[in-house]
Amino acid sequence: QVQLVESGGGLVQAGGSLRLSCASSGNTGTISAMGWFRQAPGKQREWVASITSGGIILYTNSVKGRFTISGDNTKNLVALQMNNLKPEDTAVYYCAARKAPVGSYDYWGQGTQVTVSS
């Protein structure tokens, strides 16, 4: 089992920044990749960014140049630095982990709310 806990969400004005953190515990040695997803009201859950244990990083186009994902394997932590936030970034952000290098995710956190005002 792997447990994930997100933190760092909040209310910010457009153009501002937030840093989300994800702490993992349990059988973390089996994790090959971690990612961030978000879900806005009335919308489907959307993949935002991911990072593998080897350091490969990917982003969805809408956040490229604004968001940065980083990880620390020794501390079992993953962060998402969000700069130049836009109202369309408003969503519940979820941390996720998977055992396989690619594919679907196996574990999910409870989520943290990010609200960006105009």
Side-chain angles (χ1 to χ4, degrees):
Q1 296 290 334
V2 174
Q3 294 79 43
L4 305 174
V5 180
E6 305 95 337
S7 63
L11 175 64
V12 65
Q13 291 186 340
S17 299
L18 285 174
R19 184 177 179 86
L20 306 182
S21 295
C22 176
S24 60
S25 61
N27 193 16
T28 58
T30 63
I31 296 174
S32 295
M34 298 189 70
W36 287 95
F37 291 73
R38 64 187 181 186
Q39 186 169 24
K43 296 184 178 180
Q44 292 184 315
R45 185 170 296 183
E46 173 191 27
W47 168 76
V48 176
S50 61
I51 182 170
T52 71
S53 60
I56 298 174
I57 294 174
L58 296 172
Y59 300 97
T60 191
N61 286 337
S62 63
V63 307
K64 287 182 178 178
R66 300 189 299 120
F67 291 11
T68 302
I69 188 172
S70 61
D72 186 338
N73 291 333
T74 62
K75 297 181 179 180
N76 297 318
L77 293 173
V78 175
L80 185 69
Q81 179 67 44
M82 305 185 294
N83 297 327
N84 191 24
L85 284 162
K86 302 176 180 180
E88 52 263 42
D89 294 320
T90 295
V92 176
Y93 283 70
Y94 297 89
C95 177
R98 66 173 184 247
K99 296 179 180 179
V102 296
S104 61
Y105 287 79
D106 304 296
Y107 309 102
W108 296 84
Q110 296 278 18
T112 185
Q113 177 70 48
V114 172
T115 302
V116 184
S117 62
S118 301

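Nothing here was measured: the structure is a model prediction, and the numbers come from that model.
Among residues at least two apart or in separate chains, side chain to side chain donor-acceptor pair (under 3.5 Å) pairs with a member in residues 108-118 are Gln113-Thr115.
Both Val48 and Ile69 sit in one connected hydrophobic cluster of ILVMFWY residues. Membership requires side-chain heavy atoms under 4.5 Å apart, directly or through other members. Under a hydrophobic-cluster definition in which Ile, Leu, Val, Met, Phe, Trp and Tyr are linked whenever side-chain heavy atoms come within less than 4.5 Å, directly or via other members, Tyr93 and Val5 are assigned to different clusters. Put simply, Val92 and Tyr105 are part of the same group of oily side chains (I, L, V, M, F, W, Y) that touch within less than 4.5 Å, one to the next. Residues Val2 and Phe37 fall into different hydrophobic clusters, defined by Ile, Leu, Val, Met, Phe, Trp and Tyr side chains chained together at heavy-atom separations under 4.5 Å.
The minimum heavy-atom distance linking Leu20 with Trp36 is given by the pair CB-CH2, 3.7 Å. Nearest approach of Trp47 to Leu58, heavy atoms of both residues: CZ2-O, 3.6 Å. The two residues Leu85 and Leu18 make their nearest non-hydrogen contact at CD1-N, 3.8 Å. When every heavy atom of Leu80 is checked against every heavy atom of Ala49, the shortest pair comes out as CD1-CB, 4.4 Å. Scanning both residues, Ala91 and Arg38, for their nearest heavy atoms gives CB-CB, 3.8 Å. Among all heavy-atom pairs drawn from Glu6 and Cys95, the shortest one is OE2-N, 2.7 Å.
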Would you sort out whether Arg66 and Tyr59 count as a side-chain contact (heavy atoms from CB on, under 4.5 Å), showing the intermediate values?
CA-CA 10 Å; Arg66 300 189 299 120; Tyr59 300 97; over 6 Å; no
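No donor-acceptor distance shorter than 3.5 angstrom exists from the side chain of Thr30 to the backbone of Lys99, with no hydrogens or angles considered.
Here CD1 of Ile31 is found 10.0 Å from OG of Ser53. Values are rounded to the nearest 0.5 Å. The structure places OH of Tyr94 at 13.0 Å from CG of Leu4, a figure rounded to the nearest 0.5 Å. Here CE of Met34 is found 8.5 Å from CG of Asn76. Values are rounded to the nearest 0.5 Å. Note that OG of Ser32 is 9.5 Å distant from CG of Asp106, once rounded to the nearest 0.5 Å.
At a threshold of 4.5 Å between non-hydrogen side-chain atoms, the residues Ser24 and Tyr107 do not count as touching.
Partner of Thr90 under the side chain to side chain contact (heavy atoms under 4.5 Å, CB included) criterion, out of Val114, Val116, Leu11: Val116 alone.
When the shell of 6.0 Å around CD of Gln39 is examined, it contains more than 12 heavy atoms from other residues, nucleotides or ligands. By the 6.0 Å contact criterion, CD on Glu88 is enclosed, its count of non-hydrogen atoms from other residues, nucleotides or ligands being greater than 12.
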